[in-house]
Number of protein chains: 2
Amino acid sequence: MSLRHAVLGLLSESPASGYDLMKLFNATLTNVWPATQSQVYGELNKLTTAGLVEVAAQGPRGRKEYAITEDGLTELRHWLTDIKPGGSTRDDSLLRVFFLGIVTPLEAQTYLLQQAQRAARLHSVYEQIDQTANWDEEMISVHGRIALEYGLRMTAALEDWALWAADEVTHAKARKASELARSRHKGKLREEDADEEG
Amino acid sequence: MSLRHAVLGLLSESPASGYDLMKLFNATLTNVWPATQSQVYGELNKLTTAGLVEVAAQGPRGRKEYAITEDGLTELRHWLTDIKPGGSTRDDSLLRVFFLGIVTPLEAQTYLLQQAQRAARLHSVYEQIDQTANWDEEMISVHGRIALEYGLRMTAALEDWALWAADEVTHAKARKASELARSRHKGKLREEDADEEG
DNA sequence: GCACGCATGTAATTGGTTACATGATTGC
DNA sequence: GCAATCATGTAACCAATTACATGCGTGC
């Protein structure tokens, strides 16, 4: 149920409308907790009913500016300190790795090198953000910086792994070939026979 | 739509019943693509209707042993080579990091150290598996080993990051304190006045 | 006056979780 | 005979995605 907490968290920094929140989700949480517009508006209504946020002000075009309530802050703190995070599950890219055996080694290698590239691209995006952003401004930026560092380290590790893995599948190919050669040799010893490769 | 491909992938290794698949999901894919029993049985029926798997044999207790079809293999290969993986989204643990500013530095540090511990625990579980499993048996094990290496590297990086981050929040505290001291000093220079900390 | 951006909502569908329901077989 | 395990399925619910629908305000 963490969409709720993402919304509460953003509102804990400053009051905002659903529209504002959508911009924040897209700007800062796209890679952490993406949300769609209908989700955000729906959640805001649910949160209002639950008394965790309130409409603090109304503006033009039916704008409703939401602010977190005391109950909301309590709930947010409760979530942060008492509820243990459920491990991040479901990794499409990794799932594929398990089944790379059914495509050719070349295709497997291609897949892994693409993963490496994708990680490298993301890494440089994060580096860009790191250099562009003005840190040491607010208390929030400390944690924004920490989250960014997570991104930097994970993308770096991901790239390293993918490159290693790509290498591994080619080595596996080579190993397989040498094993084939060995077994062919053993075959020769028994049968003194010279069959060709398929 | 990757539950479908997880099922196809497992069936590409060997025919299995829904019950068998559940065991495989829990044994090998828990941390990659978890699935519930109702999901698996439902998906098997959908896959059968779609002609991607077939009931190859029936056993006692109404057991239906499913096997992947040619169409199923084609679909699996198509997914592996032509469809680009959608980035792994939604990370509950990381989401919390963004909002650690609303709890005390001590609570923030505690959270991060717990994350480090959790990563370390998982890492040692993976190391255990690495040492216990008998690799170099089948072609599949090459990719199983590669996926495991991913787990090993990511948990290691995660632990490092969490320890660094825990340090960072304490340093941030210290930095803040020294800034406070500095500004108090500047105040003194101007006002020659000795006020206390709140 | 018109286009763009602000602003909110609903409906339909899919994917995932939890709980319930049922029964056959095997090994002791 | 009884317990554990094998084995399949359904129903209700929640979360997320996509598409649709509507309208006001501001700046050019």
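Any value given below was found using the heavy atoms of this structure, including those in side chains, with hydrogens, waters and symmetry copies removed. Protein chains get the first letters and strands the later ones, always in sequence-line order, with residue 1 at the start of each.
A side-chain donor-acceptor contact under 3.5 Å links B/Asp20 and B/Ser17. Residues A/Thr110 and A/Glu107 have side chains that never bring a donor and an acceptor to within less than 3.5 angstrom of each other. Using a 3.5 Å distance cut-off with no hydrogens or angles, the side chains of A/Asn45 and A/Thr48 do not pair a donor with an acceptor.
Between A/Tyr41 atom OH and C/dT8 atom C1' there is a gap of 5 Å when expressed in whole angstrom units. Atom CG in A/Leu44 sits roughly 16 Å away from atom C1' in C/dT10 (whole-Å rounding). When the C1' atom of C/dT14 is taken as reference, atom CZ of B/Arg4 falls 12 Å away, rounded to whole Å. With rounding to whole Å, A/Arg63 atom CZ is found 4 Å from C/dA7 atom P. The separation between A/Asn45 atom CG and C/dT8 atom P is 10 Å, rounded to whole Å. In this entry the distance linking CE of B/Met1 with P of C/dG15 reads 7 Å, nearest Å. Across the protein-nucleic acid pair, A/Leu24 atom CG and C/dC6 atom C1' stand 15 Å apart, rounded to whole Å. Rounded to an integer number of Å, the gap from B/Glu43 CD to C/dG16 P is 9 Å.
The base of C/dT18 is paired with the side chain of B/Ser38 by a donor and an acceptor separated by under 3.5 Å.
Side chain of B/Asn26 to main chain of B/Met22: a donor-acceptor pair is present (N/O by atom type, distance under 3.5 Å, no hydrogens or angles). Checking side-chain atoms of B/Tyr111 against main-chain N and O of B/Val97 turns up no donor-acceptor pair under 3.5 Å. Of the possible donor and acceptor atoms, one in the side chain of B/Gln39 sits under 3.5 Å from a partner among the backbone N and O of B/Thr36.
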Protein N or O to nucleotides 21-28 of chain C N or O, pairs below 3.5 Å:
none

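Running 5' to 3' along DNA chain D, contacts with non-hydrogen atoms of chain B at under 4.0 Å begin and end at D/dT5 to D/dT17.
Of the residues in residues 25-36 of chain B, none lies under 4.0 Å from DNA chain D by heavy-atom distance.
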Given B/Arg145 and B/Asp130, is the salt bridge (charged side-chain N to carboxylate O under 4.0 Å, His left out) satisfied, shown in steps? CA-CA 8 Å; B/Arg145 180 64 189 70; B/Asp130 194 15; 3.3 Å; yes

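Taking CG of B/Asp160 as the reference point, atom OG1 of B/Thr155 lies at 10.0 Å (rounded to 0.5 Å). Here the straight-line distance linking atom CZ of A/Arg118 with atom NZ of B/Lys84 works out to 10.0 Å at 0.5 Å rounding.
B/Tyr150 and A/Trp161 have perpendicular rings, their planes meeting at more than 60° on a 0 to 90° scale where under 30° would count as parallel.
Cation-pi geometry between B/Arg153 and A/Trp164 is met: the NZ or CZ atom falls under 6.0 Å from the ring centre, inside 45° of the normal.
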